*Asks:* 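Handing you a structure now.
In this text the structure is predicted, and so the values were computed from the model without any measurement.
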There are 2 protein chains.
Amino acid sequence: MTGRQPTLDEVAERAGVSRGTVSRVLNNRQHVSAKARRAVEQAIDDLGYVPSVAARSLASARRGAVVLAISSDDPALFANQFFAQVIAGVNTVMEDTDLHLMLILAATERGRERLERVLQSRGADGVMLLALRENDPLVKVAEAGKVPVVYGGQPLERAPRFYVDADNRGGARSAVEYLISTGREHIATITGPQDQQVGVARYLGYREALALAGLDARRVAHGDFSQESGARAMTELLDRHGDLDAVFVASDAMAAGALEALSAAGRTVPDDVAVVGFNDIVTAQHTTPTLTTVRQPIEALGREMTRMLLRAINEDTPTPLILPTELVLRDSA
Amino acid sequence: MTGRQPTLDEVAERAGVSRGTVSRVLNNRQHVSAKARRAVEQAIDDLGYVPSVAARSLASARRGAVVLAISSDDPALFANQFFAQVIAGVNTVMEDTDLHLMLILAATERGRERLERVLQSRGADGVMLLALRENDPLVKVAEAGKVPVVYGGQPLERAPRFYVDADNRGGARSAVEYLISTGREHIATITGPQDQQVGVARYLGYREALALAGLDARRVAHGDFSQESGARAMTELLDRHGDLDAVFVASDAMAAGALEALSAAGRTVPDDVAVVGFNDIVTAQHTTPTLTTVRQPIEALGREMTRMLLRAINEDTPTPLILPTELVLRDSA
DNA sequence: GTGAAAGCGCTAACAC
DNA sequence: GTGTTAGCGCTTTCAC
């Protein structure tokens, strides 16, 4: 349309005020008379002025963007709805700000280098980290930058300053307690990776519930959160513990795999074996039978991570947040 | 660690050359002696220098980022693996560049405004658009910016200058031709939304195949790509066309829903009714029975969109690209 | 092949 | 409450 973007100077001239005043209006500071403010707003409208992000961030040392770094780029894992829901939550909060979202899939060495460069070049005002593994190099990279870091879930090593997590241990525990309350006594579990805090926490919840009830907590097989690994682990459990009458599975995807394996083994769910999953992904409503599961507020996780990061950026000091989970009863238990 | 980021000036001083020379090295231009180049690289290493993105983009009028705008923020849809796979593809190509990825979920008015602002403020060097609907306002917004726009899929209205698309019509046609070749004669379809080009194209392919075979193409129900809508549409089809012996479903998610509905109606798959889906998402391997489907190269779509955008940004003139699809035979047909 | 100078468009600090 | 002055850290001309 117009040949060139108008600059702040042109707005100032047209409004008949100084550059300083225009800048004040743009960043809605005080110390501007209503009259001047109106004149500036008018001029902005007339000219269709939009401030240059580049100039602004050079002058203000703020970048106008935060990065969400995900320690996975395996589409099969990345695709598991979880990330998409987190992103949707992040987006919701971001929409109310001037900040933008940069996405970095940082599973590879290359991705990590990129994150490093962004942070070193002050390319972002903050970082959110998701899906970390044990000793994830991402942690060092992120902490080496000079911007706040918010964790989704906790690294296994030590609790960071800022994080949002679901109550994984409590959720797992209540799932197993529910199984116990329905009279199950030989309760197995399929865990997530034990090099991720979330995997460990859910396993802990399982053991806690059984310990409290004085039941045996040694029917255990490990998976990696994928459907395939769930099927494999279930088969393994059936081999080793033919007597099991229930299984708590640390993710819905694995639970779906477990259902397949149970069906293949000729066990009916929930009559022979009760199954409880974790996450309440959309798929949980479409398995056969539908899946009883522990819902964690995934979108809320994204929202709260973002809120926390924004507060940290503004030099507020947010405190870690644990989001509650909820048992959703369907047909599998 | 260090108090402050080193600047280009400091690198120049340490290397004993001018700022101009350092800049030339950084942007690996010619006209730099091997000696000077080495000195500069050494200094960069010693100082741990990383150029400031902000300063660079202010001076060069290049932003160092491209945006991927998705016309959907419904997590249920956004989560449907498709987007995640595209993003993974985009990421792959992006890793080889200095560009970064900004993600904007732009289904809401608010999101659209944000995209508009980014583009107007020259906040990005290019845009990729995904999942457009009929008369999607995103198109106007994106085209109004002064940066190249690459479409994933085509808008319904008119073919844009730059786009990457899967061969939806051809894929649908080959799916239906396969059904015909296995002796099916009463072939229905569950379409996607007819206000999206992809929905229309797949429906066209269905009709084309049947027309060529001289078969009736009027067993049609419409869905919105969601699993629920697939189940609903299947029920509808069974009501209206009790004689159907096959159904081509325009997405795997809908096909999963259709399988549920068929099972609920007591029809066996594939004996009573053969089912073919579209996309080959991970879930297709885990339905009962497993799903015969048309695979489209989703990650490749992301990769090629990105490559095309990069070329367009560099003032090359790429031509539209149609990616081939492939029929994947499993148990449902 | 290299150096010097002039901005890019904004914010911030200080004076009034 | 408002105007003025310096930069922010690069790239880019244009001489040499």
*Asks:* Can you find a side chain N or O atom of B:Ser33 that sits less than 4.0 Å from OP1 or OP2 on C:dT2?
*Replies:* yes

*Asks:* Rounded to whole Å, please give me the gap between CZ in B:Arg56 and C1' in D:dT11.
*Replies:* 9 Å

*Asks:* Using whole Å, what does the distance between atom P of nucleotide D:dC10 and atom CD1 of B:Ile44 come to?
*Replies:* 10 Å

*Asks:* For B:Arg62, answer base if it contacts any base atom (sugar-phosphate contacts may also be present), sugar-phosphate if it contacts only those atoms, and nothing otherwise; contact means non-hydrogen atoms under 4.0 Å.
*Replies:* sugar-phosphate

*Asks:* Under 4.0 Å, heavy atoms only, any strand: does B:Ala61 hit a base, just the sugar-phosphate, or nothing?
*Replies:* nothing

*Asks:* Looking at A:Glu41, I'd like to know if its CD atom is crowded, meaning that more than 12 non-hydrogen atoms belonging to other residues, nucleotides or ligands lie closer than 6.0 Å.
*Replies:* yes

*Asks:* Counting side-chain heavy atoms from CB outward, which of C:dT2, D:dT2, D:dC10 is closest to A:Val32?
*Replies:* D:dT2

*Asks:* Under 4.0 Å from OP1 or OP2 of D:dC10: is there any side-chain N or O of B:Ser60 that close?
*Replies:* no

*Asks:* With a cut-off of less than 4.0 Å, is there a side-chain N or O of B:Ser18 near OP1 or OP2 of C:dG3?
*Replies:* yes

*Asks:* Using only atom types and a distance under 3.5 Å, with no angle test, would you say the side chain of A:Glu157 pairs donor to acceptor with the backbone of A:Asn135?
*Replies:* yes

*Asks:* What is the separation between atom CG on B:Leu8 and atom C1' on C:dG3, rounded to the nearest whole Å?
*Replies:* 13 Å

*Asks:* Please check if any side-chain donor atom of A:Glu95 sits under 3.5 Å from a side-chain acceptor atom of B:Thr108, or the reverse.
*Replies:* yes

*Asks:* To the nearest Å, how far apart are B:His31 NE2 and D:dC14 C1'?
*Replies:* 14 Å

*Asks:* Using only modelled atom types and a 3.5 angstrom limit, is any donor from either the side chain of A:Arg24 or the base of D:dG3 paired with an acceptor on the other?
*Replies:* yes

*Asks:* Go nucleotide by nucleotide along DNA chain C from the 5' end; which of B:Ala55 and B:Val17 gets its closest nucleotide reached first?
*Replies:* B:Val17

*Asks:* What does B:Ser23 touch in the nucleic acid at a heavy-atom separation under 4.0 angstrom: a base, only the sugar-phosphate, or nothing?
*Replies:* base

*Asks:* Counting N and O atoms only, with roles assigned by atom type, does the side chain of B:Arg114 sit under 3.5 Å from a partner on the main chain of A:Thr97, one being a donor and the other an acceptor?
*Replies:* yes

*Asks:* Round to a whole Å and report the spacing from CG of B:Leu26 to C1' of D:dG9.
*Replies:* 12 Å

*Asks:* Rounded to whole angstrom units, what separation is found between the CD atom of B:Glu13 and the P atom of D:dG9?
*Replies:* 15 Å

*Asks:* Rounded to whole angstrom units, what separation is found between the CG atom of A:Asp98 and the C1' atom of C:dC10?
*Replies:* 15 Å

*Asks:* Closer than 3.5 angstrom, by distance alone: can the side chain of B:Ser60 be matched with the main-chain N or O of B:Arg56 as a donor-acceptor pair?
*Replies:* yes

*Asks:* Among C:dG1, D:dC10, D:dA6, which nucleotide has an atom closest to any side-chain atom of A:Arg19?
*Replies:* D:dA6

*Asks:* Between C1' on C:dG9 and OH on A:Tyr49, what's the gap in Å once rounded to a whole number?
*Replies:* 7 Å

*Asks:* How far apart are the C-alpha atoms of B:Val40 and B:Tyr49, what are their side-chain angles, what is the distance that settles it, and do they pass the side-chain contact (heavy atoms from CB on, under 4.5 Å) test?
*Replies:* CA-CA 11 Å; B:Val40 170; B:Tyr49 168 74; over 6 Å; no

*Asks:* Base, sugar-phosphate or nothing for B:Arg29? Non-hydrogen atoms, less than 4.0 Å.
*Replies:* sugar-phosphate

*Asks:* For B:Thr21 and C:dG3, is the shortest distance between a side-chain N/O and OP1 or OP2 below 4.0 Å?
*Replies:* yes

*Asks:* Between B:Leu58 and A:Ala59, who's closer to the 5' end of DNA chain C by nearest nucleotide?
*Replies:* B:Leu58

